[in-house]
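To find a chain, count down the sequence lines: A is the first, B the second, and so on, and within it residues start at 1. Just so we're clear, the structure is a prediction, and the values are computed from it rather than from any experiment.
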Amino acid sequence: MQKWVGLLDCNNFFVSCERLFRPDLKGKPVMVLSSNDGCVVARSQEIKDIGVPMGVPLFQVKDIIKDNNVAIFSSHFALYRDVSRRVFAVLRREINAIEQYSIDEAFFVLVGSAESVEARALVLKDIIERETGIPVSIGVARSKTIAKYASTVAKKTKGVKLLAAKEWKSLQSKIELREIWGVGAKTSQTFRKNGLLTVADFVNLEKRTVKTLFGVVGERLLSELNEISASGLTRALEPQKSILHTRSFKETTLDIEVLKDAVSHHLREAAEDLRSMGFLTKSFTVYLGTSRHGDYLLQGGSKNLILLTPTNDTFTLMKEAMKAVDGLYKAGVLYKKAGVLLTDFSPAAGAQLSFLEDEREIRTKQLMPLLDLVNKKNGRGSVLLGTRLKTDEWQSAQMKKSPAYTTNWKDVPTVKA
DNA sequence: TCTGGGGTCCTAGGACCC
DNA sequence: TCTGGGGTCCTAGGACCC
């Protein structure tokens with residue numbers, strides 16, 4: 001029995017989510033923008049065909065939008081996460097072990113002959129599309145990296161592609177290394193310097209040579225491209241290792257109070273995520289950033305804070321975070337971004353009690369679950385800890401956001417008969 | 001005028017130790 | 001006069017991904 005790796009990939013995922021509730025946009029050009037409506041982060045097939053690249057700033061494609069009557073949406077993550085959850089719930093029901101790799105992709109294992117596995121993949125695609133309304137593609141091969149490539153072929157053909165040894169070998173001299181998952185701009189440049197352009201060039205190298213020139217990453221890539229799986233579905237079982245909350249501001253700011261407002265907002269949300277995952281954090285980082293474009297490029301900074309006792313208590317974290325902002329802040333610098341990164345997790349259940357914990361800490365600790373419950377019921381941010389400025393100076397601009405069709409009762413569509 | 005946010009893994013280099 | 005080297009642990013930052 002042969003063991004295969006499948007990769008399920010949702011087509012133009014954010015666009016497909018928006019189209020679920022706007023069926024009139026099927027077959028029409030649609031884009032989804034990043035926060036602040038800054039760049040294009042998802043494109044319908046029609047937009048890709050016009051030649052709009054991924055990640056391009058919105059202002060550079062204004063004319064194209066006008067000329068082609070493009071429908072535009074601000075990104076709406078609550079909606080995408082909810083649709084994602086539905087898609088992978090169906091996949092999980094059909095295939096017991098899956099490794100969700102991103103909001104719109106998951107790996108899984110299939111066992112059997114090439115013919116039977118391909119037939120199974122076609123059925124899976126059909127079931128998911130029928131039950132969720134989201135179009136998907138499936139790539140199948142003997143390793144994740146090849147399955148990933150197969151899924152790009154699938155998108156251009158009937159939606160499912162199984163790449164077995166013979167066909168894969170015949171393709172190798174036609175596939176550039178840059179097209180391979182894990183080979184970015186930097187790595188492909190290094191490859192080129194060594195005279196390696198295609199997959200065929202690379203897989204013909206000695207294992208020892210690859211290790212010397214390209215390290216463990218290169219070595220792993222070599223075996224993956226030689227149909228020897230270098231990583232199983234291990235990540236499926238491993239807990240998340242960090243939580244990052246950050247956002248660019250609408251406008252730059254000189255004001256430390258605005259920065260504190262933003263940092264405390266991100267910290268509240270990150271701590272809420274942490275609690276919902278059942279973790280404590282022992283180490284976290286506060287970032288203040290400047291614009292990536294302009295005079296203050298290197299003026300930002302970050303501070304890593306190590307806690308005496310692991311915690312998920314918003315108050316305890318907040319105190320430290322505000323001190324960190326005081327330490328990082330430089331007067332006269334135009335800030336454009338702030339964020340919080342939580343790391344070094346441990347399970348909240350059965351955590352050691354600290355003798356240093358005072359009365360207040362114990363009381364607020366009991367408050368946290370209640371706070372999360374209220375916010376879950378009434379929407380994030382309905383009850384807040386700490387002060388909150390009246391300013392929305394640091395918030396992001398979202399001009400084109402779709403209604404919260406699936407995550408907020410007031411936006412649920414009604415059917416009229 | 002206008003350029004995202006949320007992740008993972010790896011590596012180089014400093015601090016420290018014997 | 002002579003002035004090690006190897007190990008570990010940690011962190012910041014790079015590279016990559018969607």
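Relative to the ring axis of A/Phe107, A/Lys144 places its NZ or CZ within 45° and under 6.0 Å from the centre.
Following rounding to the nearest Å, A/Gln60 (CD) and B/dT3 (C1') show an atom-to-atom distance of 8 Å. One can place CE of A/Met54 at 17 Å from P of B/dT3, the figure rounded to the nearest angstrom. A/Asn36 places its CG atom 16 Å from the C1' atom of B/dG6, with the value rounded to the nearest Å. A/Phe59 places its CZ atom 8 Å from the P atom of B/dC2, with the value rounded to the nearest Å. Rounded to whole Å, atom P of B/dC2 lies 16 Å from atom NZ of A/Lys337. Look at NZ on A/Lys250: it is 16 Å from C1' on B/dT1, rounded to the nearest Å. Summarising the geometry, the separation between CG on A/Asp37 and P on B/dT1 is reported as 19 Å, rounded to the nearest angstrom. The distance from atom CG of A/Leu341 to atom P of B/dC9 is 14 Å, rounded to the nearest whole Å.
Heavy atoms of other residues, nucleotides or ligands lying less than 6.0 angstrom from CG of A/Asn204 number more than 12.
The residue among A/Pro57 and A/Leu244 whose nearest nucleotide of DNA chain B is located toward the 5' end is A/Pro57.
Taking 4.0 Å as the cut-off between side-chain N and carboxylate O, A/Glu272 and A/Arg268 do not count as a salt-bridged pair. Ion pairing between A/Glu118 and A/Lys158 holds under the 4.0 Å rule for side-chain N and carboxylate O.
Under 4.0 angstrom from either OP1 or OP2 of B/dT3 there lies at least one side-chain N or O belonging to A/Lys336. For the OP1/OP2 pair of B/dC9 and a distance below 4.0 Å, the side-chain nitrogens and oxygens of A/Arg220 include no atom meeting the criterion. A/Gln240 has a side-chain polar atom (N or O) that falls below the 4.0 Å cut-off from OP1 or OP2 of B/dG7. Using a 4.0 Å cut-off, some side-chain N or O of A/Ser248 falls inside it from OP1 or OP2 of B/dG5.
B/dC2 sits 29 Å from C/dC18 when the P atoms are compared, rounded to a whole Å.
In this structure, a donor-acceptor pair under 3.5 Å is present between the side chains of A/Asn304 and A/Thr285.
At a threshold of 4.0 angstrom between heavy atoms, the contacts of A/Leu33 with the nucleic acid are absent. Within the nucleic acid shown, A/Val56 has no heavy atom closer than 4.0 Å to any nucleic acid atom. Across all strands shown, A/Ile306 has heavy atoms under 4.0 Å from sugar-phosphate atoms exclusively, and none from any base.
When Watson-Crick and G-U wobble pairs are counted only if both distances are under 3.5 Å, B/dC18 pairs with C/dG5.
Of the candidates B/dT8, B/dG5, B/dT3, the closest approach to any side-chain atom of A/Lys241 belongs to B/dT8.
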When you look at A/Phe191 and A/Phe214, which way does the ring pair (Phe, Tyr, Trp, His ring centres under 6.0 Å) test go after all the steps? CA-CA 9 Å; A/Phe191 282 156; A/Phe214 312 115; 4.8 Å; yes

Ring pair (Phe, Tyr, Trp, His ring centres under 6.0 Å) between A/Trp181 and A/Tyr101, intermediate numbers included: CA-CA 13 Å; A/Trp181 184 48; A/Tyr101 170 71; 5.4 Å; yes

Listed pairs, N/O of protein and of nucleotides 12-18 of chain C, under 3.5 Å:
residue, atom, partner, partner atom, Å
C/dC16, OP1, A/Gly184, N, 3.1
C/dC16, OP1, A/Gly184, O, 3.4
C/dC16, OP1, A/Lys186, N, 3.2
C/dC16, OP1, A/Thr187, N, 2.6
C/dC16, OP1, A/Thr187, OG1, 2.5
C/dC16, OP2, A/Ala185, N, 3.4
C/dC16, OP2, A/Lys186, N, 3.1
C/dC17, OP1, A/Gly182, N, 2.8
C/dC17, OP1, A/Val183, N, 3.3
C/dC17, OP1, A/Val183, O, 3.4
C/dC17, O3', A/Trp181, NE1, 3.4
C/dC18, OP1, A/Lys148, NZ, 2.9
C/dC18, O3', A/Ser102, OG, 3.1
C/dC18, O3', A/Asp104, OD1, 2.6
C/dC18, O3', A/Glu105, OE1, 3.2

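One N or O on the side chain of A/Arg142 and one on the backbone of A/Lys3 form a donor-acceptor pair closer than 3.5 Å.
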